[in-house]
Protein chains: 2
Amino acid sequence: MSTITDVAALAGVSPSTASRALRGSGQISAATRARVEEAARELDYVANPSAVRLVNGRTDAIGLVVPFVTRWFFAQAVTGAEDVIRGADHDLLLYNLGGPDGRQRFFERMPLRNHVAGVLVLSLALSEKERAQLAQMRVPLVTVGHDAPGASSVMIDDRAAASTAVQHLLNLGHRRIGLIGGLPEDPMHFTSSALRARGYREALTAAGAPVDETLIVPSDYTIDGGRRAAVRLLALPTPPTAVFAMSDEMAIGAIDAARSMGVRVPEDLSIVGFDDHDLAAFFHLTTIRQPVQEEGREAARILLRMLSAPDEAETAHAVLDTELILRASTAPLRR
Amino acid sequence: MSTITDVAALAGVSPSTASRALRGSGQISAATRARVEEAARELDYVANPSAVRLVNGRTDAIGLVVPFVTRWFFAQAVTGAEDVIRGADHDLLLYNLGGPDGRQRFFERMPLRNHVAGVLVLSLALSEKERAQLAQMRVPLVTVGHDAPGASSVMIDDRAAASTAVQHLLNLGHRRIGLIGGLPEDPMHFTSSALRARGYREALTAAGAPVDETLIVPSDYTIDGGRRAAVRLLALPTPPTAVFAMSDEMAIGAIDAARSMGVRVPEDLSIVGFDDHDLAAFFHLTTIRQPVQEEGREAARILLRMLSAPDEAETAHAVLDTELILRASTAPLRR
DNA sequence: CTGTTAGCGCCTTCAG
DNA sequence: CTGAAGGCGCTAACAG
């Protein structure tokens, strides 16, 4: 691997001149610049990033923390963030927690410490202690789907979106509306679950409909979890006539459960999901669309902005729009 | 950010002693070591990785190149690789190509150059030029799902697996068997497509069944692509009685197409997929299971091994097992 | 067992 | 406009 000294030697200049020429800083005669560039090309020179970082006193890598890359939502957000970060020529260090154990290990060891210029955290509700750990790194922090003090955030209005979903069902005449949602003490703490649950309750209350706690079933954001939750709901003495699931995966599980129990969708049971997953259209699922890739992109943009203006200690908070997508999994209540 | 000099000062020793104590190298009295460790803890010291890399002359970051993190297969493989790499305390630089443009940009700029100790490439059939570019970085290279000269690889036996799938259909009495597969000139060049197509042809030929080119329909590994391909097959004057799809996504699309055309699965049409995607069981899909996460893990392991024994220029080649998973999307030919 | 010295590759003063 | 010198933080010899 050739160094800048090699380049300088080949070009017949000093290393500092070579450095200036290559980076376009200072005043350099066009002739020397050309010569240096030619030499660099010839030697296939690329600056050693460790040396550059050491002397500049900063890294340009960005840490991306994600619970599970395999889940649709996270993969989408990663794609958006990655694209923006690459476009700005930063490195992206991926950290996939992969469950409670990985999460604990991460926060214990803080492997990003001293490694990154900024951190992007996808959809983890940070405990106070975790937030403090992250803050201790003294680098800008942006979260997606969760709002932590001292950090910037990109969110959707989970509460309003959930209300909209439930309102849609209420408009169709439904009153007994089930909720399939995040686990109450989810080890991964997705805050959005709590917000969506709140929106659900508020919509019902505002419409004068009772909130029946037996219709609220926790689940784990997987198809199978949605299936189990739906089975429980449909086995109730007075089952709901409609269900709002906090993710499309769970909604799909619910559709499957209904089918296998001889309950027709939407004739006997209306179902609304959340996300507008790739498969939602396939299942004719009415759902709340959220712009997941854009959430990742926007978070990355905010982080880049924070990096370029480090003095301004301000945090930014973006709220992106959601939209109710009407498909064929919901229908008016039949009496 | 405190430096090792701060730690040394606080512990009342020289920086080199502090360094040795912290890294457990050389001979250090238990007393000094304890004092240094205490000082480091107090100052919350973490070595500056750029400085460490600069002096050691190497980075410990590993580059992971993936076409689309959002596709199930890649997300799974990334998860496996990430886990192993993290476990070995290496950084993981993610590079998501995201299509032909991103691919070209990547190979033009080679942003991993001088950044990484090794590279993991997921399921890209590398052109000779691309392979040369990668080789020019002079770091170990491991590919998953593709075999390139000079690189280690982790593969499955795509040809045999495809043969098995087709053989299963032949055993059920089918003779007209459609193939839904990779695009012939897929801009992302997935080699496995070609190998699976070969397996398909060989199985038919070995059984004395004719290979009808009109039954071979290219597609793009998406649900929708599978749907379109199936529609074309089913609209044929003499449609096939069975179909082998090169991915579960495409198989699912085919199931949907059949359903909407009034063709029953498996009574009128048997379908075999490939991958054992999370949704395969959901669709009762008979499929070829491949251990995707394990492919990622094994690739990472091989890379780590290459890094720890850089002298041995040998490449390793792992072939992992696949398995035919029988479900309800295939049935004997009805006459 | 510990301190001193030198240098990894680069960039940024500071002099010319 | 260009070169020399110094130092970023750390570790590997080399002396003690």
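These numbers come from a predicted model, not from an experiment.
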5′-ward residue of the pair B:A30/B:A51 relative to DNA chain C:
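Checking each residue's closest nucleotide, the 5'-ward one belongs to B:A30.
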What nucleotide, of [options], holds the atom closest to the side chain of [X]?
X: A:V13; options: D:dG3, D:dT2, C:dG9; value: D:dG3
X: B:S14; options: C:dG3, C:dT12, C:dC10; value: C:dG3
X: B:L54; options: D:dG9, C:dC1, D:dC10; value: D:dG9
X: A:S29; options: C:dC1, D:dT2, D:dC10; value: D:dT2

salt_bridge([X], [Y]) N-O dist < 4.0 Å:
X: B:E128; Y: B:R131; value: yes
X: B:E298; Y: B:R301; value: yes
X: B:R41; Y: B:E38; value: yes

Look at the side-chain N and O atoms of A:S19 and state whether any lies under 4.0 Å from the OP1 or OP2 oxygen of C:dC11.
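True: A:S19 side-chain N/O within range (under 4.0 Å) of C:dC11 OP1/OP2.
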Using whole Å, report how far [atom1] of [X] lies from [atom2] of [N].
X: A:N48; N: D:dC8; atom1: CG; atom2: P; value: 18 Å
X: A:H115; N: D:dG9; atom1: NE2; atom2: P; value: 16 Å
X: B:R58; N: D:dT11; atom1: CZ; atom2: C1'; value: 11 Å
X: A:N56; N: D:dC8; atom1: CG; atom2: P; value: 14 Å
X: A:R53; N: D:dC10; atom1: CZ; atom2: C1'; value: 16 Å

Pick base, sugar-phosphate or nothing for [X], based on heavy-atom distances below 4.0 Å to the nucleic acid.
X: A:R23; value: sugar-phosphate
X: A:I28; value: sugar-phosphate
X: A:S50; value: nothing
X: B:V55; value: base
X: B:S16; value: base

Check the surroundings of atom CZ in A:R58: do more than 12 heavy atoms from other residues, nucleotides or ligands lie under 6.0 Å from it?
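No, CZ of A:R58 has 12 or fewer neighbouring heavy atoms, counting only those of other groups under 6.0 Å.
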Please determine, by modelled atom types, if A:Y45 and A:T3 share a side-chain donor-acceptor pair under 3.5 angstrom.
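No, no side-chain donor-acceptor contact under 3.5 Å.
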Would you say the base of C:dG3 and the side-chain of B:R20 have a donor-acceptor pair closer than 3.5 Å?
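Donor-acceptor pair under 3.5 Å: yes.
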